Amino acid sequence: MTMAYQPMTLSSLAGHLSRRADEKVRWKHVWEFFEEYRWAPVEERPLLLCEEPSSTGDEQWDVLLAALAEHLAAELDLAPPEWSRSRVLATPWFPSSLRSKRMEALVSAPAAFRKHGVYLSARDLEAA
């Protein structure tokens, strides 16, 4: 008996992030989530966002997951998952240390990410 393929959920992504401290590996998991999300049938995508992820052990990454959920829900013309609303950083986070990337993110971060205090450029999201 074979099991049907199940794309990664934000909740399972949180599990991967909590087990990895290396930022490069964490970003690889985020990009893998994006890839699986994009291949999932449109009607299944909301199911990948709705379950509240457990803490990754890092507030910035926890809030990134909330921003990601809200951003992807908006693309589907849906309200953000209830769990995502309270996750907001008091101090903005710029994941890139490159000055040029930080400036680009300040100008082009999608609204959901700005709202949560995560400044990731729209181009970085498209490249994922």
Side-chain angles (χ1 to χ4, degrees):
M1 181 170 118
T2 57
M3 292 187 58
Y5 170 76
Q6 293 294 313
M8 189 186 311
T9 64
L10 278 180
S11 186
S12 58
L13 173 58
H16 290 300
L17 297 177
S18 69
R19 292 186 292 276
R20 302 284 190 261
D22 182 290
E23 292 241 338
K24 287 182 181 175
V25 174
R26 283 182 161 190
W27 283 112
K28 286 180 182 178
H29 284 297
V30 171
W31 303 148
E32 182 180 333
F33 168 80
F34 264 116
E35 184 69 18
E36 292 184 18
Y37 179 85
R38 289 183 180 134
W39 281 98
V42 173
E43 63 276 4
E44 291 179 21
R45 291 178 183 175
L47 300 173
L48 304 179
L49 311 174
C50 63
E51 182 184 342
E52 181 170 8
S54 57
S55 177
T56 63
D58 183 317
E59 183 186 21
Q60 292 175 326
W61 289 89
D62 293 345
V63 173
L64 173 78
L65 294 176
L68 192 54
E70 185 168 331
H71 176 72
L72 295 174
E75 285 183 347
L76 297 171
D77 203 25
L78 298 172
E82 194 61 42
W83 64 264
S84 69
R85 297 169 193 250
S86 63
R87 295 186 184 194
V88 178
L89 292 172
T91 303
W93 176 39
F94 291 83
S96 178
S97 59
L98 296 173
R99 182 170 164 72
S100 61
K101 294 291 265 177
R102 290 172 71 120
M103 294 305 290
E104 180 183 339
L106 196 58
V107 172
S108 74
F113 285 83
R114 288 194 312 269
K115 176 181 166 186
H116 289 274
V118 178
Y119 285 83
L120 193 62
S121 79
R123 191 172 2 174
D124 287 339
L125 291 172
E126 290 165 11

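Just so you know, residue 1 is the first one in the sequence shown, and it goes up from there. When reading the values below, keep in mind they use all heavy atoms of this one structure, side chains included, and skip hydrogens, waters and symmetry mates. Fair warning: this is a prediction, and the values are worked out from it, not measured in the lab.
- Phe33 and Leu13 make their closest contact through CB-CD2, 3.9 Å (heavy atoms, listed as atom of the first residue, atom of the second, distance).
- Atoms CG and OG, from Asp62 and Ser54 in turn, are 8.0 Å apart once rounded to the nearest 0.5 Å.
- Although no hydrogens or angles enter the test, the distance criterion places no donor-acceptor pair under 3.5 Å between the side chain of Arg87 and the main chain of His116.
- By the 4.5 Å heavy-atom criterion applied to side chains, Phe113 and Leu68 are counted as neighbours.
- The aromatic rings of Trp61 and Trp27 lie tilted to each other, with the angle between the two planes from 30° to 60°.
- A donor-acceptor pair is defined here as one N or O able to donate and one able to accept, closer than 3.5 Å; no such pair exists between the side chain of Arg20 and the backbone of Arg26.
- Taking CD of Glu43 as the reference point, atom CZ of Arg45 lies at 9.0 Å (rounded to 0.5 Å).
- Put simply, Trp93 and Val30 are part of the same group of oily side chains (I, L, V, M, F, W, Y) that touch within less than 4.5 Å, one to the next.
- In this structure, the side chains of His16 and Glu32 stay at 4.5 Å or more apart for every pair of heavy atoms.
- In this structure, Leu78 CG and Leu49 CG are separated by 8.5 Å, a value rounded to the nearest 0.5 Å.
- The shortest distance between side-chain heavy atoms of Arg85 and Pro80 falls below 4.5 Å.
- Put simply, the side chain of Tyr37 reaches to within 4.5 Å of the side chain of Leu72, judged on heavy atoms.
- Counting heavy atoms from C-beta on, the side chains of Leu89 and Glu59 come closer than 4.5 Å.
- Contact annotation: the side chain of Leu17 approaches that of His29 to within less than 4.5 Å [non-hydrogen atoms, C-beta and beyond].
- Closest heavy-atom contact between Lys115 and Glu70: NZ-OE2, 3.1 Å.
- Shown here for Ser86 and Trp83, the closest heavy-atom pair between the two residues is OG-O, 3.9 Å.
- Both Trp31 and Val118 belong to a common hydrophobic cluster when Ile, Leu, Val, Met, Phe, Trp and Tyr are linked at side-chain heavy-atom distances under 4.5 angstrom.
- Relative to the ring axis of Tyr119, Arg102 does not place its NZ or CZ within 45° and under 6.0 Å from the centre.
- Side-chain heavy atoms closer than 4.5 Å link hydrophobic residues (I, L, V, M, F, W, Y) into clusters, and following such links, even through other members, never connects Leu98 to Val107.
- One distance of note links OG of Ser96 with NZ of Lys101; it measures 6.0 Å at 0.5 Å rounding.
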Verdict with reasoning, Trp39 to Glu35, per side chain to side chain donor-acceptor pair (under 3.5 Å): CA-CA 6 Å; Trp39 281 98; Glu35 184 69 18; 2.7 Å; yes

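- At a threshold of 4.5 Å between side-chain heavy atoms, the hydrophobic network of Ile, Leu, Val, Met, Phe, Trp and Tyr places Leu10 and Leu76 in one connected group.
- Judged by distance alone, with hydrogens and angles left aside, the side-chain atoms of Ser108 form a donor-acceptor pair with the main-chain N or O of Glu104 at under 3.5 Å.
- Closest approach of Ser121 and Pro110 over heavy atoms only: C-CD, 4.5 Å.
- In this structure, Ala14 and Thr56 approach most closely via the heavy-atom pair O-CG2, 3.8 Å.
- Glu23 contributes atom CD, which lies 7.5 Å from atom CG of Asp58 (distance to the nearest 0.5 angstrom).
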